[in-house]
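Working notes for the structure below.
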2 protein chains.
Amino acid sequence: MNNYVEILKSSGLKATLQRLTILELIDRDGHIKIDELYKKMNTTHPTLSLATIYKNILTMIDKSVVSEVPIMGDKSYFELKKRDHIHLICESCNSIEDRVMSSIDMELLKQSNQFILSHSQVNLYGTCSKCQS
Amino acid sequence: MNNYVEILKSSGLKATLQRLTILELIDRDGHIKIDELYKKMNTTHPTLSLATIYKNILTMIDKSVVSEVPIMGDKSYFELKKRDHIHLICESCNSIEDRVMSSIDMELLKQSNQFILSHSQVNLYGTCSKCQS
DNA sequence: CTGACTGCAAACGTTTTGCACGGTA
DNA sequence: TACCGTGCAAAACGTTTGCAGTCAG
């Protein structure tokens, strides 16, 4: 848990019990939606409010502690900020698996039968050529 | 416009004026959000209701005529279903550019300076190994 | 002619906000 | 102690629903 304290402090955020709890739950699940987070939280910390979760998710995204994983036909999931990776999203059981792989390996994945690919969604965020000038 | 009539009919949907209007506006913009769609629609077809847009977007996604583009920190955009492509999303002007490229070319993009990459989001939808059995 | 589709208005669920209180640093 | 963060309740917002009327095939 000390780990999260460091992360928060170095991001200029206070290490409150609420934030530590949120981070621990996100980490345990890997990827979690707000309502799932709230339900799990309610069992151990019944007083922690939904508004606090929303406020903290926003501020922690802003500070790059957490990142949003928007999903087709579903609410966004949230995960701890980590190095670039791919999400393998199973449309049958709704599981989300992280995979660290190079672009070239993606072709291999398509050809292998470990994960039957239905469709892909690649979004690259950055600055377009117009906005660079 | 005849093109859309064909697409709708071959998907088992009736080619109503409302659907044709929605498809034309999506196509014209490339990627559009529901509220933008409604605003533009309102100028030319003031009686077309928001509920109709929502219902139609859902059914047309279901029939693979349209697809959803979920975006970090924003509402989903919608586009016509087309062959696999990458989205270059400018965080400055919020433009979305389509780019058809192989996985290997992605590496080239990162190295080039045409689009300064801030972060990427790759979601692959399909069936995981567990759910295949 | 019939089932699919539309428009309206109400209902619903999710997210945001304002404010008084509480806790971290 | 000062300020950031929390909890509550209300408000705002986006989306869905039910139903009566309409239209495409």
Side-chain angles (χ1 to χ4, degrees), chain A residues 1-25 32-63 65-66 68-78, chain B residues 1-25 32-63 65-66 68-78:
Chain A
M1 202 165 216
N2 249 308
N3 190 20
Y4 301 134
V5 174
E6 289 312 310
I7 293 172
L8 288 169
K9 286 190 181 172
S10 67
S11 303
L13 297 173
K14 290 191 177 178
T16 64
L17 175 63
Q18 289 85 340
R19 286 184 181 147
L20 295 172
T21 309
I22 291 171
L23 288 178
E24 205 181 340
L25 278 179
I32 196 167
K33 285 184 281 188
I34 299 282
D35 58 339
E36 295 170 349
L37 191 53
Y38 182 57
K39 267 179 216 151
K40 297 203 175 182
M41 201 94 74
N42 238 349
T43 67
T44 52
H45 301 76
T47 61
L48 206 161
S49 77
L50 195 47
T52 298
I53 295 180
Y54 276 107
K55 286 171 188 167
N56 278 324
I57 290 287
L58 283 184
T59 58
M60 291 194 293
I61 283 176
D62 200 54
K63 300 293 185 183
V65 175
V66 163
E68 182 187 355
V69 185
I71 299 285
M72 286 169 56
D74 202 349
K75 306 272 168 215
S76 283
Y77 284 72
F78 298 91
Chain B
M1 204 165 217
N2 250 308
N3 190 21
Y4 301 133
V5 174
E6 289 312 310
I7 293 172
L8 288 170
K9 287 191 179 171
S10 67
S11 304
L13 297 174
K14 292 193 175 176
T16 64
L17 174 62
Q18 289 84 341
R19 285 184 182 147
L20 295 172
T21 309
I22 291 171
L23 288 178
E24 205 181 339
L25 278 179
I32 195 167
K33 284 184 281 188
I34 298 282
D35 58 339
E36 295 169 349
L37 191 52
Y38 183 58
K39 267 180 217 150
K40 297 203 176 182
M41 201 93 76
N42 238 349
T43 67
T44 53
H45 300 75
T47 62
L48 206 160
S49 77
L50 195 49
T52 298
I53 295 180
Y54 277 107
K55 286 171 187 167
N56 278 323
I57 289 288
L58 283 185
T59 59
M60 293 194 292
I61 284 176
D62 200 54
K63 299 294 185 184
V65 175
V66 163
E68 182 187 356
V69 184
I71 299 286
M72 287 169 55
D74 202 349
K75 305 275 165 213
S76 283
Y77 283 72
F78 298 92

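Predicted model only: the values in this text are computed from it and were never measured. Below, chain A is the first sequence line, B the second, and so on; all start at residue 1.
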Check: Taking for each residue the nucleotide of DNA chain D with the nearest heavy atom, is it A:Leu48 or B:Ala15 whose nucleotide lies nearer the 5' end?
Finding: A:Leu48
Check: Is it true that atom NZ of B:Lys63 has more than 12 heavy atoms of other residues, nucleotides or ligands lying nearer than 6.0 Å?
Finding: no
Next item on the list: With DNA chain C as reference, determine whether B:Thr47 or A:Leu58 sits nearer its 5' end, using the nearest nucleotide of each.
Entry: B:Thr47
Notebook entry, point to check: Rounded to the Å, how far apart are A:Leu17 CG and C:dA25 C1'?
Noted result: 16 Å
Next item on the list: Select one nucleotide: of C:dC5, C:dC8, D:dA9, the one nearest the side-chain heavy atoms of B:Lys14.
Entry: C:dC5
Margin query: OP1 or OP2 of D:dG7 versus the side-chain N and O atoms of A:Thr52: is any pair under 4.0 Å?
Written below: yes
Margin query: Whole angstroms only, please: what is the CG-P distance between B:Leu13 and D:dG25?
Written below: 11 Å
Next item on the list: Report the distance from atom NZ of B:Lys75 to atom P of C:dT16, rounded to the nearest whole Å.
Entry: 8 Å
Next item on the list: Please work out if A:Lys55 contacts a base, only the sugar-phosphate, or nothing of the nucleic acid, heavy-atom cut-off 4.0 Å.
Entry: base
Checklist line | A:Met60 side chain near A:Ile22 side chain, heavy-atom distance below 4.5 Å | finding: yes
Notebook entry, point to check: With nearest nucleotides of DNA chain C determined for B:Pro46 and B:Gly12 from heavy-atom distances, which residue corresponds to the more 5′ nucleotide?
Noted result: B:Gly12
Notebook entry, point to check: Using a cut-off of less than 4.0 Å, is there contact between a side-chain N or O of A:Gln18 and OP1 or OP2 of C:dG23?
Noted result: no
Margin query: For a quick check of understanding: with a heavy-atom distance under 4.0 Å over all strands, which category does B:Asp35 fall into, base, sugar-phosphate or nothing?
Written below: nothing
Check: Is there a donor-acceptor pair under 3.5 Å between the side chain of A:Arg19 and the backbone N or O of A:Asn56?
Finding: no
Check: Starting at CD1 of B:Ile53 and ending at P of D:dG14, how long is that distance when rounded to a whole Å?
Finding: 13 Å
Check: At under 4.0 Å between heavy atoms, what does A:Thr59 touch on the DNA or RNA strands: base, sugar-phosphate, or nothing?
Finding: nothing
Next item on the list: Test side-chain hydrogen bond (donor to acceptor under 3.5 Å, both in side chains) on B:Glu68 and B:Ser76 and set out the steps.
Entry: CA-CA 6 Å; B:Glu68 182 187 356; B:Ser76 283; 2.6 Å; yes
Next item on the list: Return the value, rounded to whole Å, for the distance between atom NZ of B:Lys63 and atom P of C:dA4.
Entry: 11 Å
Item checked: Derivation and outcome, side chain to side chain contact (heavy atoms under 4.5 Å, CB included), residues A:Lys33 and A:Phe78 -> CA-CA 6 Å; A:Lys33 285 184 281 188; A:Phe78 298 91; over 6 Å; no
Next item on the list: To the nearest Å, give me how far apart CE (A:Met41) and P (D:dG7) are.
Entry: 10 Å
Note to self: Measure OH/B:Tyr54 against C1'/C:dC12 and give the value in whole Å, please.
What the structure shows: 13 Å
Note to self: Using the side-chain heavy atoms of B:Asn56, tell me which of these nucleotides is nearest: C:dT16, D:dG7, C:dT6.
What the structure shows: C:dT6
Checklist line | Rounded distance (Å) that lies between atom P of C:dG7 and atom CZ of B:Arg19 | finding: 11 Å
Check: Looking for any heavy atom pair under 4.0 Å, which part of the strands does B:Thr16 touch: base, sugar-phosphate only, or nothing?
Finding: sugar-phosphate
